[in-house]
Amino acid sequence: MLMYLVLSLCFTYALLKTPMKRAKLRTAAAIVIPSVYGGAIELLQEWFFYPRTGTWGDWAADITGVLIGYFAIILLQKWKTNASMK
């Protein structure tokens, strides 16, 4: 979970710095891309790297890390914006 939290922090921060017209698309990309990556890693572990196994629980932990990282960056950005307005 921690690895995907850090991945999501970096990915979301980079997306926020790039000009995008659609905020919903940015949000979807910031959550979906790292989550799909985590699922792909779980499948690769299950199919190609014996004795490693891919589990739903591991993927759920990956997604949890992604969501925590995403919302942490969003909250930090809002806090930074509010602090600079004062």
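From a predicted model like this one, the values you see are computed outputs, not experimental measurements.
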[X] versus [Y], closest heavy-atom pair with distance:
X     : Y     : result
Pro34 : Ala29 : CD-O, 3.6 Å
Leu9  : Gly69 : CD2-O, 3.4 Å
Ala30 : Ser8  : O-OG, 4.4 Å
Thr55 : Glu42 : N-OE1, 3.2 Å
Thr53 : Gln45 : O-NE2, 3.3 Å

Going only through I, L, V, M, F, W and Y residues with side-chain contacts under 4.5 Å, is there a path from [X] to [Y]?
X     : Y     : value
Met3  : Leu7  : yes
Leu67 : Leu2  : no
Val32 : Ile41 : no
Phe71 : Ile73 : yes
Leu25 : Tyr13 : no

Q: Starting at CG of Asp58, measure out to CD1 of Ile63 and round the result to the nearest 0.5 Å.
A: 11.5 Å
Q. Between the side chain of Trp59 and the main-chain N/O of Ala40, is any donor-acceptor distance below 3.5 Å?
A.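 Absent.
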Q | Expected output: side-chain Ser84 to main-chain Thr81 donor-acceptor under 3.5 Å | A |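 Answer holds: yes.
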Q.
Side chains of Lys80 and Leu76, heavy atoms from C-beta outward: is any pair under 4.5 Å?
A. no
Q. What residue among Leu5, Leu75, Leu15, Thr12 forms side-chain contact (heavy atoms from CB on, under 4.5 Å) with Tyr70?
A. Thr12
Q. Does one side chain, of Tyr4 or Thr64, offer a donor that lies under 3.5 Å from an acceptor on the other?
A. no
